[in-house]
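Heads up, the thing below is written out as structure tokens.
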Amino acid sequence: QVQLAESGGDSVQPGGSLRLSCVASGFALNYDSIGWFRQAPGKEREGVSCFSSYDSSIYYADSVKGRFTLSRDNAKNTVYLQMNNLKPEDTGTYYCAAPAAGTITRGCYLGMDYWGEGTLVTVSS
């Protein structure tokens with residue numbers, strides 16, 4: 001079975017840092033297209049940072065460029081999102097997601113096939 005398990009969400013002050021982790025398992029997902037999405041109160045879900053399996057590049061939303069870093073440890077089947085210089089507008093539930101195996105992606109795609117349950121990030125003073 002496919003499982004995506006997020007962790008690392010917390011409440012932090014503006015300017016603080018967090019590292020989110022996503023442990024992936026299963027054979028039916030494309031590990032090369034795993035990404036992070038978030039949904040803030042009153043806003044629609046958006047892509048934050050995703051691996052693009054098409055060209056092995058990494059997509060970052062304009063709002064997080066220079067502050068967030070996507071990485072992975074293949075040996076641990078874990079994807080990380082390092083979030084630095086957090087801002088109140090970064091508040092929201094963060095989801096790890098991936099498409100089905102064989103799906104090629106560019107950037108973040110909201111129609112991912114598999115989603116984690118989410119981890120809450122709150123940035124406030």
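All values below were derived from every heavy atom in this structure, side-chain atoms included, with hydrogens, water molecules and symmetry-related copies excluded. A quick note: this is a predicted structure, and the numbers were derived from the prediction, not measured.
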Distance-minimising heavy-atom pair for [X] and [Y]:
| X | Y | value |
| --- | --- | --- |
| D32 | R72 | CA-NH1, 4.0 Å |
| D55 | S57 | OD1-OG, 2.6 Å |
| S17 | Q82 | CB-NE2, 4.0 Å |
| G47 | Y59 | O-CE2, 4.1 Å |
| Y95 | G116 | CD2-O, 3.6 Å |
| S49 | C108 | C-SG, 3.7 Å |

Problem set entry | Neighbour count >12 (heavy atoms, 6.0 Å) for atom OH, Y109 |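 It does not: Y109 OH has 12 such atoms or fewer within range.
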Exercise. Will you find, in the side chains of T103 and N30, an N or O donor that is under 3.5 Å from an N or O acceptor?
Worked result: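 There is no such pair between these side chains.
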Could you tell me whether a side-chain N or O of [X] sits under 3.5 Å from a main-chain N or O of [Y], the two making a donor and an acceptor?
| X | Y | answer |
| --- | --- | --- |
| T91 | T122 | no |
| E6 | E117 | yes |
| S56 | S53 | no |
| S63 | A61 | no |

Exercise. How is the hydrophobic cluster of L4 composed, in terms of its other members, when Ile, Leu, Val, Met, Phe, Trp and Tyr link through side-chain heavy atoms under 4.5 Å apart, directly or indirectly?
Worked result: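 Joined to L4, directly or through intermediates: V2, V12, L18, L20, L29, Y31, I34, W36, V48, F51, I58, Y60, V64, F68, L70, V79, L81, M83, L86, Y94, Y114, V121, V123.
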Exercise. In the hydrophobic cluster built from side-chain contacts under 4.5 Å, what are the other members alongside Y80?
Worked result: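 Members other than Y80 - counting any ILVMFWY side chain reachable under 4.5 Å - there are none.
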For this session: Using a 4.5 Å cut-off on heavy atoms from C-beta on, say whether the side chain of K87 contacts that of P14.
Result: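 P14 does not reach K87 side chain to side chain.
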Exercise. With sequence neighbours left out, what residues match D90 under salt bridge (charged side-chain N to carboxylate O under 4.0 Å, His left out)?
Worked result: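 R38, R67.
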Exercise. Stepwise, does the side-chain contact (heavy atoms from CB on, under 4.5 Å) test hold for Y54 with S33?
Worked result: CA-CA 9 Å; Y54 175 78; S33 289; over 6 Å; no
